[in-house]
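Taking it in order: structure first as structure tokens, then the write-up.
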Amino acid sequence: MPRRVSILGSTGSIGNSALEVIRRYPDKLAVHTLSTHSDIAQLTQQVEEFSPAHVAIMDAEAAKEFTQQHPACTVHVGIEGLCALAQLDTDIVLCGVVGAVGLRPILTALEHGNQVALANKEPMVMAGELIMSTARKHDVQVLPVDSEHNAIFQCLNGHDASGVYKIHLTASGGPFYKQPRETLANVAPEQAANHPTWNMGEKISIDSATLMNKGLEIIEAMWLFDVPLEKIQVVIHPQSIIHSLVEFTDGSILAHLGVTDMTLPIQYALTWPERVDEPMARLDLTTMKDITFDAPDFAQFPCLSLALEAAHKGGTAGAALNAANEIAVEAYRNHEIPFLAIPEIVQTVLNDAAIVKATSLAVILQADTEARAAAKHAIATLNMS
Ligand code: MG
């Protein structure tokens, strides 16, 4: 029987890549449920192709319209709708939604014993400890889909964590690598979202331009692999061929190489621990004439330092960092603030946030709500001055 996959966020970039993978391996994988924020035109096409048992739609208006058009389809609405999909008996829940919204569905999936393939990093930044302890409690695996973490997961396979000396998290450097900071004052969201090597959704592409994405990934790696912050190092690798490396105590370094295509980590996570025979594409080593590494420039990309600061603070600092960044990126995408104001907003929120221990979901969601309000206030203040 093919493995049943529930896709949270099937109309986004990750969702579409996942459907490509499922189409390619029909004997191994099958769509169980689908969901969208509000793109019901695309969801309709997907429903016609895959006939899922259930769908969820975040936006209530869109859900109403879709239900009228598809009376035979079971439609769940809003965040509760995503949680309803997550708790159905299934083989794997792929979380490909963007931002904090994925947190409750991820926890719900784990609590119901469903394996989670995680492409949605923000919940790990907010609540990594809670997510991983929930997974352990219910004896289910969180399989990383983020390319770097998928690479690290593969490099660590069969190795004892105590033997890890360092995790080298690779970063392409984004579209503004080596560009003087002062030239970034007026970059438009369209330029920032134009990633040099990866084709991704808009929010993550902008996070890659500020390097906040790499900062979030440091925190994600800490929780996923249970390694201290000091052992995680960012290395710039502009070609995005090596997806990360693990250095062991004896000096050996294992790397994961692959094509720059999200179908590779998605396919690995969905079929784990099996490997498929015929991938979408293979890497031709002879075409690679230069593979280079560089140290990240913290002065040019302050978001990296902000993420480290949040990781050091611990507790609800991750939730505050993430919420402030989500609000700042949204404001930037709406042309309400300039590119360079993104780290300023996050810094202000992080400085003022009351950081407490992240003991429960309620505490974390409270920190998230407060940080969103603080970020909106900081943006208004910035625009008044
Ligand atoms: Mg990544």
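No hydrogens, no waters, no symmetry mates; every other heavy atom, side chains included, goes into these values.
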Practice problem: For the residue pair L216 and L321, establish whether any side-chain heavy-atom pair is separated by less than 4.5 Å. | Solution: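 Yes - at least one pair of side-chain heavy atoms lies under 4.5 Å apart.
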Quiz item: Other than I355, which residues form its hydrophobic cluster under the rule that side-chain heavy atoms must be closer than 4.5 Å?
Solution: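 Reading the cluster by chain and number, I355 sits alone, since nothing else belongs.
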Self-check item: Cluster companions of V363 among Ile, Leu, Val, Met, Phe, Trp, Tyr (side-chain spacing under 4.5 Å)
Solution: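 Joined to V363, directly or through intermediates: V356.
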Between [Y] and [X], do the side chains contain a donor N or O and an acceptor N or O under 3.5 Å apart?
X    : Y    : answer
T263 : D261 : yes
N194 : E190 : no
T170 : E148 : no
Q366 : E370 : yes

Quiz item: Sub-3.5 Å donor-acceptor pair from the side chain of N150 to the main-chain atoms of P144, do we have one?
Solution: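 Looks like yes, one N/O pair under 3.5 Å.
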Practice problem: Without swapping roles, check the side chain of Q191 against the backbone of A188 for a donor-acceptor pair under 3.5 Å. | Solution: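 At least one qualifying donor-acceptor pair exists.
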Show which side-chain atoms of residues 59-82 pair as donor or acceptor with protein atoms under 3.5 Å away, not counting sequence neighbours.
| unit_1 | atom_1 | unit_2 | atom_2 | d |
| --- | --- | --- | --- | --- |
| D59 | OD2 | E61 | N | 3.4 |
| D59 | OD2 | A62 | N | 2.9 |
| T67 | OG1 | A63 | O | 2.6 |
| H70 | ND1 | F66 | O | 3.2 |
| H76 | NE2 | H54 | ND1 | 2.9 |
| E80 | OE1 | R104 | NH2 | 3.3 |
| E80 | OE2 | R104 | NH1 | 3.3 |
| E80 | OE2 | R104 | NH2 | 3.1 |

Determine, for [X] against [Y], whether the closest basic-nitrogen to carboxylate-oxygen distance falls under 4.0 angstrom.
X    : Y    : answer
R24  : E20  : no
E122 : K203 : yes
E217 : K214 : yes

Self-check item: Reported NE2-to-CG distance for the pair H159 and L254, which is rounded to 0.5 angstrom
Solution: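 If we round to the nearest 0.5 Å, H159:NE2 and L254:CG are 5.0 Å apart.
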Nearest atoms (heavy-atom pairs only) where [X] meets [Y]:
X    : Y    : answer
P189 : I206 : O-CD1, 4.3 Å
A310 : A317 : O-CB, 3.5 Å
I167 : V227 : CD1-CG2, 3.9 Å
V5   : T90  : N-OG1, 4.4 Å

Quiz item: Counting only heavy atoms not in N199, do more than 12 fall under 6.0 Å of its CG?
Solution: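 Atom CG in N199 is not packed in, count stays at 12 or less.
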Self-check item: Greater than 12 external heavy atoms within 6.0 Å of Y165's OH
Solution: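 12 or below, so no.
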For residues 128-135, run the donor-acceptor check on the side chains, cut-off 3.5 Å, and write out each pair with its distance to 0.1 Å, sequence neighbours left out.
| unit_1 | atom_1 | unit_2 | atom_2 | d |
| --- | --- | --- | --- | --- |
| S133 | OG | E129 | O | 3.1 |
| S133 | OG | L130 | O | 3.1 |
| T134 | OG1 | L130 | O | 2.6 |

Quiz prompt | Partner set under salt bridge (charged side-chain N to carboxylate O under 4.0 Å, His left out) for D226, not counting sequence neighbours | solution =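 For D226 there are no salt bridge (charged side-chain N to carboxylate O under 4.0 Å, His left out) partners, ignoring immediate neighbours.
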Under 3.5 Å donor-acceptor pairs involving side-chain atoms of residues 373-385, not counting sequence neighbours:
| unit_1 | atom_1 | unit_2 | atom_2 | d |
| --- | --- | --- | --- | --- |
| T381 | OG1 | H377 | O | 2.8 |
| N383 | ND2 | E336 | O | 3.2 |
| N383 | ND2 | I379 | O | 3.4 |
| S385 | OG | L382 | O | 2.9 |

Exercise. Please work out whether the ring planes of H149 and F225 are parallel, tilted or perpendicular, with thresholds of 30° and 60°.
Key: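 Rings of H149 and F225: parallel, under 30°.
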